[in-house]
Amino acid sequence: MDIPRASARVTLAVAISVVTVPVAGFTIGAGTVQAAPVQWRVVKGAALGPDGSALMDVTATGPRDAWAVGYGCGREKAVSCPAIARWNGTQWKSATMPAYRLPTGYDSDLHHFNAVSAASAHDVWVVGNGLGVRVGHWNGRSWSMYRPFGKAGSTSLSDVGIGRGRVWFTGSLSETGDRAVVLSWSSSAGFTREYIHKGSLAALSARPGTGEIWAVGSQKTGPLVVRGTERGGRVRWEESRTPAIPEGKLNQVRAIGADDVWAVGQIGNPYDWSDFKPLALHFDGKSWSQVPLPVSKGRITGLTADASGNIWVSGVDPSHPKQVLFMRYVQGAWTTSYGPKLGLPVRNATIGAIPGSSGMWAVGRMMGDSEDSEKDFILRYG
């Protein structure tokens, strides 16, 4: 997951226009590419705070309830402040805890929320980082805040997922990001360090019905995939072997079934985004294999599945810098499309399906060449 810098930036005014023109698709590589479909449109977001803002993750429990997290308050020589937005079926509104809203929370040690997961409108979990780490739980009435690592300042969390009787987290135990950790939380045991591995873990997918957990990231040799299998209340952890892909990094994972797991990210030098190549891996129940993609450059930062079990991904394509890249995998073939044109180049885009519908939410951040410009965006499909 693309974690923003703690330093904030001044945001330039951005004018967003949506133009959709039906154009016939044409074949490219391993799939079909199309012009921006009319289903994707810009939706006005909540005010996350003055100056720069970004959204890092989104989840929905139904057509009338969705959550997005990130940060606002970004400006030159200052830290950002965490932000939460909630969709009520009509509009996005700020749902940030009072303790972290301006002006109270501007100088807090929590700078941004990085991930969100919801089992229902009354069971929502968020994770945030800054000088310390916070985990927040919404029970439908109020927030409870936790410090899973105490006051340790070198730790961080990257993702959260709700499993069978437990909540799962991926994170890091070191400032250099080379000691990955999987945490669990339960009402009886609190926070427990379940697994530690060399490397970094960016995301996880928990299957509540089976107790299975998948976590993905990277290590020195390439992609890192860790699998947890629950039996008799205990979880057995093992590293799952992937194809040898030097400089490969996985940003998201989605477990559809025991023989249908997807992981996506990019290949390339982490300090040179212009040279990234998108990466997709698939697990068929026995082994992982690399799946060819119709786009040759860029990075995949979002992954979800629709009601039919079809895979959707979102990301960044340098050939379409001001549009979100979307790819859909149906019956062994990719369909590629691009969202409406935005006002600044897209740096990150995550995607989440809307239960009970065929719709999708996509959120992210865009930023120009100057680091003092940054702006969040929200897109809706269907």
Side-chain angles (χ1 to χ4, degrees), residues 1-9 48-49 51-57 67-75 77-85 94-118 124-139 142-162 166-187 189-197 199-204 215 217 348 365 374:
M1 194 168 292
D2 184 18
I3 299 177
R5 298 182 182 179
S7 60
R9 310 164 181 91
L48 302 182
D51 308 306
S53 59
L55 288 172
M56 310 307 297
D57 197 14
W67 299 77
V69 298
Y71 61 91
C73 312
R75 69 183 187 192
K77 297 181 180 179
V79 298
S80 53
C81 59
I84 300 174
S94 175
T96 309
M97 304 83 165
Y100 300 116
R101 295 176 188 168
L102 283 175
T104 305
Y106 186 77
D107 293 322
S108 75
D109 61 356
L110 182 59
H111 301 159
H112 43 258
F113 286 115
N114 294 82
V116 57
S117 183
V124 183
W125 292 82
V126 298
V127 297
N129 299 284
L131 299 180
V133 177
R134 298 288 192 281
V135 168
H137 179 237
W138 171 256
N139 63 9
S142 61
W143 286 97
S144 298
M145 300 300 293
Y146 305 95
R147 293 177 179 261
F149 299 113
K151 295 185 178 181
S154 61
T155 55
S156 64
L157 286 179
S158 56
D159 202 9
V160 55
I162 301 172
R166 302 190 219 185
V167 184
W168 296 93
F169 308 86
T170 50
S172 175
L173 296 176
S174 66
E175 292 180 349
T176 57
D178 59 358
R179 288 189 67 208
V181 64
V182 178
L183 300 181
S184 72
W185 179 91
S186 67
S187 58
F191 288 94
T192 302
R193 297 186 185 187
E194 296 276 353
Y195 184 75
I196 298 175
H197 194 285
S200 62
L201 290 171
L204 65 88
N348 186 79
R365 68 182 182 118
E374 196 166 23

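Looking only at side-chain heavy atoms (C-beta outward), Phe169 and Val135 come within less than 4.5 Å of each other. Between Arg179 and Ile196, the closest side-chain pair of non-hydrogen atoms falls below 4.5 Å. Taking the side chain as every heavy atom from C-beta outward, Ile84 and Leu48 never approach each other to under 4.5 Å. At least one side-chain heavy atom of Leu183 sits under 4.5 Å from a side-chain heavy atom of Leu157. Within the 4.5 Å cutoff, no side-chain heavy atoms of Val116 are placed close to those of Trp125. Contact check for His112 versus Met56: no side-chain heavy atoms found under the 4.5 Å cut-off. With contacts defined as side-chain heavy-atom distances shorter than 4.5 Å, the pair Met97/Phe113 qualifies. Contact check for Leu173 versus Ser154: no side-chain heavy atoms found under the 4.5 Å cut-off.
In terms of heavy-atom proximity, Ser108 sits nearest to Tyr100 at OG-CD2, 3.8 Å. Across all non-hydrogen atoms, the minimal contact from Ser80 to His111 is OG-O, 3.0 Å. Summarising the geometry of Arg365 relative to Ala54, their closest heavy-atom pair is CB-CB, 3.5 Å, with the distance given to 0.1 Å. Closest approach of Arg166 to Ser186, counting heavy atoms only: CG-CB, 4.4 Å. For Leu110 against Pro82, the heavy-atom pair with the smallest separation is O-CD, 3.0 Å.
A donor-acceptor pair is defined here as one N or O able to donate and one able to accept, closer than 3.5 Å; no such pair exists between the side chain of Thr192 and the backbone of Glu194. The backbone N or O of Leu204 lies less than 3.5 Å from a partner atom in the side chain of Asp159, making a donor-acceptor pair. Side-chain atoms of Ser158 come within 3.5 Å of backbone atoms of Thr170 as a donor-acceptor pair (strictly under, hydrogens ignored). Judged purely by atom type and a 3.5 angstrom limit, Ser200 has no side-chain atom pairing as donor or acceptor with the backbone of Ala180.
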Would you sort out whether Cys73 and Asp51 count as a side-chain contact (heavy atoms from CB on, under 4.5 Å), showing the intermediate values? CA-CA 5 Å; Cys73 312; Asp51 308 306; 5.7 Å; no
Step by step, work out the side-chain contact (heavy atoms from CB on, under 4.5 Å) result for Arg147 and Lys151. CA-CA 7 Å; Arg147 293 177 179 261; Lys151 295 185 178 181; 4.0 Å; yes
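Residues Asn114 and Asn129 have side chains that bring a donor and an acceptor to within less than 3.5 angstrom of each other.
Just one of Val181, Thr155, Val133 meets the side chain to side chain contact (heavy atoms under 4.5 Å, CB included) condition when paired with Pro148; it is Val133.
Note: Trp168 and Trp185 fail the aromatic proximity criterion, with ring centroids not under 6.0 Å apart. For Phe149 and Phe191, the ring centers sit 6.0 Å or farther from each other.
Every residue meeting the side chain to side chain contact (heavy atoms under 4.5 Å, CB included) condition with Ser94, not counting sequence neighbours, appears here in chain and number order: Thr96.
Taking the six-membered ring where the residue is Trp, Trp143 and Trp67 present perpendicular rings, their angle passing 60° and hence far from 30°.
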